[in-house]
Amino acid sequence: MALLASVPEHEARESGLDEVESTVYVVVRDGPEVVAAAGYRTWLESAAHVCVLTAPGRRGRGLARAVASATVARALGFREYGTQISLRLGR
């Protein structure tokens, strides 16, 4: 996926998109360019880990929220058990 190749390797790994089991939902802008993507992998047969990535130049516009919402919906019976945020601190 070109989106994974467009970010630093540590961001691609942290996103987890290369390990999803589900359909990958995407936002496409500017022709064929994928600017955000999300999917999930199951944990312990009763939970899902949602994996999301947005292109660096497209962040802060709600695209991650859009693809994550399409990936797993509460209406399907999923409940939120927690969140994870990853930060890279300056030197």
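Computation of the quantities below employed the complete heavy-atom set of this structure, encompassing side-chain atoms and omitting hydrogens, waters and symmetry-equivalent molecules. Positions are given from 1, in the same order as the sequence printed here.
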- [ ] Would you list the pairs meeting side chain to side chain donor-acceptor pair (under 3.5 Å) in which at least one residue belongs to residues 49-58, sequence neighbours left out?
- [x]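 Passing the test, one end in residues 49-58: Asp30-Arg58.
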Might you point out which heavy atoms bring [X] and [Y] nearest each other, and give the distance in Å?
{"X": "Leu63", "Y": "Ala36", "value": "CB-CB, 3.8 Å"}
{"X": "Cys51", "Y": "Leu17", "value": "O-CD2, 3.6 Å"}
{"X": "Val26", "Y": "Val67", "value": "C-CG1, 3.8 Å"}
{"X": "Gly39", "Y": "Ser22", "value": "CA-OG, 3.4 Å"}
{"X": "Ala64", "Y": "Val52", "value": "CB-CG1, 3.5 Å"}

Say whether [X] and [Y] are linked into one hydrophobic cluster, either directly or through other cluster members, by side-chain heavy-atom distances under 4.5 angstrom.
{"X": "Val34", "Y": "Leu53", "value": "yes"}
{"X": "Val20", "Y": "Leu3", "value": "yes"}
{"X": "Tyr25", "Y": "Val7", "value": "no"}

Open item on the list: Tell me if the CZ atom of Arg65 is crowded by more than 12 foreign heavy atoms within 6.0 Å.
Closed with: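 Atom CZ in Arg65 is not packed in, count stays at 12 or less.
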Task: Residues Glu19 and Arg41 bridged, charged N to O under 4.0 Å - done: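 Between Arg41 and Glu19 there is a salt bridge, with a charged N closer than 4.0 Å to a carboxylate O.
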- [ ] Verify, without hydrogens or angle tests, whether Glu33 (side chain) and Val28 (backbone) share a donor-acceptor contact under 3.5 angstrom.
- [x]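 The answer is no, because no donor-acceptor pair under 3.5 Å joins these two groups.
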Task: Distance, nearest 0.5 Å, that separates OG1 of Thr23 from OH of Tyr40 - done: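 Separation between the atoms: 7.5 Å.
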Task: Residues in salt bridge (charged side-chain N to carboxylate O under 4.0 Å, His left out) contact with Arg61, at least two apart in sequence or another chain - done: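 Partners of Arg61 under the salt bridge (charged side-chain N to carboxylate O under 4.0 Å, His left out) test: none.
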